[in-house]
Trainee: 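Quick one: the structure is below, and I'll ask about it shortly.
These numbers were taken from a predicted model, which means no experiment stands behind them.
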Amino acid sequence: MVGRWVTLLASIGLESVCGTSYAYSVYSGYIKNSTGFSQKEINSIASVGNVGLYLALIAGIVFDKYGPIVTISTGVVLLTSGYLLMWNASEPDHAVPATVGFFSFCAFLWSNGASWLDTVAIAANVRNFPNDRGRIVGLLKSFFGLSASIVTIFYTSLFKPDGSAFLLFLGCFTGGMGLLCIFFVSLVPSSDAVELKNFEKSVLNLAMSFLTLLAIYILTIAVLEDQKIIESDTWTSLVILPIVSLQAVVLYPAFKTRFVRDSEETAPLIKGDSARFKGTIDKVTSSGSSIKEIVLSLNFWILQFVVMCGTGAGLTFINNLGQHVEAISTSAKDPDKDYDANVHVVTLSVANCYGRLFWGYCTDKFPRINRCGWLAIVTLASGCGMFAASVVPNSSVMYGVAFWNGISYGGYWAIMPAILADLYGTKWFAVTYSLVSLAPALGGYVFSVELAGALYDYHREEGSVKCYGIECYELTYQLLTVVCAAGFFACVFLSWKTRVISANSETGSNNYKS
């Protein structure tokens with residue numbers, strides 16, 4: 001059995017594979033041009049992918065019953081098959097049908113495979129690091145968000161504008177990385193899932209800082225390449241070294257732990273943090289010890305609604321980013337000029353990474369605001385981002401809008417898993433995490449396909465598959481602003497229901513209103 005730090009490193013590798021689903025907008029334009037699909041059809045493919053990504057209930061059950069190896073193996077098969085079949089469908093001499101239905105089936109395969117790997121990474125580390133789950137989840141989910149920018153770098157350096165070859169690369173990359181990590185993920189005994197030692201806390205903080213610098217580094221390279229300051233074929237070599245260095249930082253405690261005495265364990269990094277976790281888990285788990293009781297809980301459904309509103313809006317922005325930039329780009333109608341959507345995708349991905357780190361850190365650093373309260377703040381920020389997207393005038397301003405929405409969207413995936421562990425414990429965590437993950441799938445389909453796709457096609461020029469102008473997405477994001485407002489008020493109510501009504505710092509006991 002490998003240690004929890006080796007498991008964390010392997011989980012980072014798995015999350016790097018999972019996040020390739022966010023790179024859909026990089027090659028969706030290629031699929032649209034080569035097949036003649038409408039924007040609603042392109043969005044429907046993305047939405048089926050969203051359903052697959054968040055339909056992780058079976059993955060959660062398999063993980064709880066059979067463990068990491070079986071779950072990862074299944075995910076790798078689904079993920080690789082989806083990308084390779086989509087690659088074949090996009091080829092001129094394809095052996096499979098190039099229809100919307102088949103592309104949607106492929107998207108479901110690779111996205112559902114990603115959900116299996118994500119379930120393993122999150123569930124294993126929430127159990128292995130029970131007292132630091134906010135930052136651990138933030139670190140893992142930040143790689144989920146950052147991986148889209150990493151594969152975009154490979155696309156720009158090696159494949160652009162050949163979307164078909166890029167899909168072949170994704171199939172090989174995701175399969176190879178999944179197989180590499182499969183034997184390095186394990187659940188450590190409860191006796192080993194203890195409070196972090198001094199140097200382990202320092203390493204975790206260093207890894208988060210290093211990841212922050214890596215995200216800035218990747219974004220800087222993307223901008224320099226877009227401005228033709230560096231050549232695109234230098235991207236890959238400039239990114240590989242810092243990624244390897246970050247992995248070495250995370251792996252360091254695995255080698256040092258054996259030489260550190262148990263007496264070096266110290267108090268929690270944040271005063272009262274362990275007490276807060278204990279009070280939350282013990283109080284609610286005792287009354288929600290079964291899946292049935294969890295599902296019948298009002299708090300569970302309020303959380304579902306909030307996540308559906310916020311992540312549904314965020315997924316709509318992510319899935320439509322490429323076409324949105326094209327619609328408002330001053331050069332979009334000129335076939336000899338290329339709009340800079342790939343850099344916007346990198347910007348969004350980097351911000352997504354930052355959001356997961358930032359919000360995860362805030363929930364641990366400032367416990368006076370409970371995690372549901374932090375989720376309300378994230379939902380409010382999402383609403384502001386949707387309003388900004390409705391009025392963005394050109395592709396230059398879109399950089400800031402993409403960054404803001406990336407940070408906001410990342411917050412849901414840093415906070416929501418920790419809320420579930422706080423409210424219901426970790427016994428059924430994989431299953432409850434999978435159930436809540438159905439909310440983004442529903443929100444993504446309704447908002448992206450039925451709303452954004454339909455309004456985009458309504459405003460497009462007659463006889464064209466493309467729409468130009470601010471009106472292509474203006475009403476969509478105005479309506480999503482209202483949706484996020486509804487999610488915000490629901491989350492404020494949830495925060496009130498789960499608030500701490502009394503706390504005794506000396507005895508370390510907290511009472512929660514349920």
Trainee: I'd like to check the side chain to side chain contact (heavy atoms under 4.5 Å, CB included) partners of I470; sequence neighbours left out, ordered by chain and number.
Mentor: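 With neighbours one apart ignored, the set is empty.
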Trainee: Could you check whether Y456 and Q323, counting side-chain N and O atoms only, form a donor-acceptor pair closer than 3.5 Å?
Mentor: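 Side chains of Q323 and Y456: no pair found under 3.5 Å.
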Trainee: Side chains of V431 and F63: closer than 4.5 Å at any heavy-atom pair?
Mentor: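 No, side chains not in contact.
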Trainee: If the condition is side chain to side chain contact (heavy atoms under 4.5 Å, CB included), which residues does A46 pass it with, not counting sequence neighbours?
Mentor: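 In terms of side chain to side chain contact (heavy atoms under 4.5 Å, CB included), with neighbours along the sequence ignored, A46 is linked to Y24, N319.
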Trainee: Can you name the residues that form a disulfide bond (SG atoms under 2.5 Å apart) with C467, not counting sequence neighbours?
Mentor: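 By the disulfide bond (SG atoms under 2.5 Å apart) rule, C467 matches C472.
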Trainee: E15 side chain to I12 main-chain N or O, any donor-acceptor pair under 3.5 Å?
Mentor: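 No, E15 side chain to I12 backbone: no donor-acceptor pair under 3.5 Å.
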Trainee: side-chain hydrogen bond (donor to acceptor under 3.5 Å, both in side chains), that's the test. Do N370 and S495 meet it? Break it down for me.
Mentor: CA-CA 7 Å; N370 66 12; S495 177; 3.0 Å; yes
Trainee: Parallel, tilted or perpendicular: which one describes the rings of F103 and F37, with boundaries at 30° and 60°?
Mentor: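 Because their plane-to-plane angle is over 60°, the rings of F103 and F37 count as perpendicular.
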Trainee: Looking at residues at least two apart in the chain, or sitting in another chain, which of them share a side-chain hydrogen bond (donor to acceptor under 3.5 Å, both in side chains) with T20?
Mentor: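 Result, side-chain hydrogen bond (donor to acceptor under 3.5 Å, both in side chains) vs T20: Y83.
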Trainee: Could you tell me if Y477 and N320 have a donor-acceptor pair between their side chains, going purely by distance under 3.5 Å?
Mentor: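 No pair is found: no donor N or O on one side chain lies under 3.5 Å from an acceptor on the other.
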Trainee: Please table the atom pairs, donor to acceptor, closer than 3.5 Å between any side-chain atom in residues 378-389 and protein atoms at least two apart or in another chain.
Mentor:
{"unit_1": "T379", "atom_1": "OG1", "unit_2": "L375", "atom_2": "O", "d": "2.9"}
{"unit_1": "T379", "atom_1": "OG1", "unit_2": "Y412", "atom_2": "OH", "d": "3.4"}
{"unit_1": "S382", "atom_1": "OG", "unit_2": "V378", "atom_2": "O", "d": "3.1"}
{"unit_1": "S382", "atom_1": "OG", "unit_2": "Y412", "atom_2": "OH", "d": "3.1"}

Trainee: Is there a donor-acceptor contact under 3.5 Å from the side chain of S111 to the main chain of G49?
Mentor: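 Indeed, once roles are kept as given, a pair shorter than 3.5 Å links the two residues.
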Trainee: With no hydrogens and no angle check, is any side-chain donor or acceptor of S44 less than 3.5 Å from a backbone partner on E41?
Mentor: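 At least one qualifying donor-acceptor pair exists.
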Trainee: Kindly indicate whether the side chain of L139, heavy atoms from C-beta on, has any atom under 4.5 Å from the side chain of L357.
Mentor: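 Side chain of L139 against side chain of L357, heavy atoms only: contact under 4.5 Å found.
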Trainee: What about F173 and F169, are their ring centers closer than 6.0 Å?
Mentor: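 Yes, they do, as the ring centres are separated by less than 6.0 Å.
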Trainee: Under 3.5 Å, is there a donor-acceptor pair between the side chain of N405 and the main chain of V401?
Mentor: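 The answer is yes, because a donor-acceptor pair under 3.5 Å joins these two groups.
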Trainee: Contact between F403 and L348 at the side-chain level, heavy atoms closer than 4.5 Å - yes or no?
Mentor: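 F403 vs L348: side chains apart.
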Trainee: Judged by atom type as modelled, is there a donor-acceptor pair below 3.5 Å linking the side chain of N43 to the main-chain atoms of S448?
Mentor: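 Yes; at least one donor-acceptor contact below 3.5 Å.
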Trainee: Compare all side-chain heavy atoms of I45 with those of V100 and state whether any distance is below 4.5 angstrom.
Mentor: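 Side-chain contact under 4.5 Å: yes.
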Trainee: Walk me through whether V446 and M308 qualify under side chain to side chain contact (heavy atoms under 4.5 Å, CB included).
Mentor: CA-CA 10 Å; V446 173; M308 183 192 71; over 6 Å; no
Trainee: Locate the shortest heavy-atom distance separating L435 from Q304; write the atom from each residue and the value.
Mentor: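 Closest heavy-atom pair between L435 and Q304: O-NE2, 3.1 Å.
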Trainee: Is the closest side-chain heavy-atom distance between V137 and V126 below 4.5 Å?
Mentor: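 Of all side-chain heavy-atom pairs linking V126 with V137, at least one is under 4.5 Å.
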Trainee: Mind checking whether Y155 and V151 have side chains closer than 4.5 Å, heavy atoms only?
Mentor: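 They are not in contact (no side-chain heavy atoms under 4.5 Å apart), so the answer is no.
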Trainee: My understanding is that only residues two or more places apart in sequence, or in another chain, count here; which of them pass disulfide bond (SG atoms under 2.5 Å apart) with C309?
Mentor: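 Checked C309 against disulfide bond (SG atoms under 2.5 Å apart); zero matches.
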Trainee: Is any side-chain heavy atom of K141 less than 4.5 Å from a side-chain heavy atom of D118?
Mentor: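 The answer is yes, as the side chains (C-beta and beyond) meet within the 4.5 Å cut-off.
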Trainee: Check the pair F300, V436 against side chain to side chain contact (heavy atoms under 4.5 Å, CB included), reporting the backbone distance first and the verdict last.
Mentor: CA-CA 8 Å; F300 179 82; V436 174; 3.5 Å; yes
Trainee: Counting distance only, does the side-chain N/O of W110 pair as donor-acceptor with the main-chain N or O of L170 below 3.5 Å?
Mentor: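 Such a contact is absent between W110 side chain and L170 backbone.
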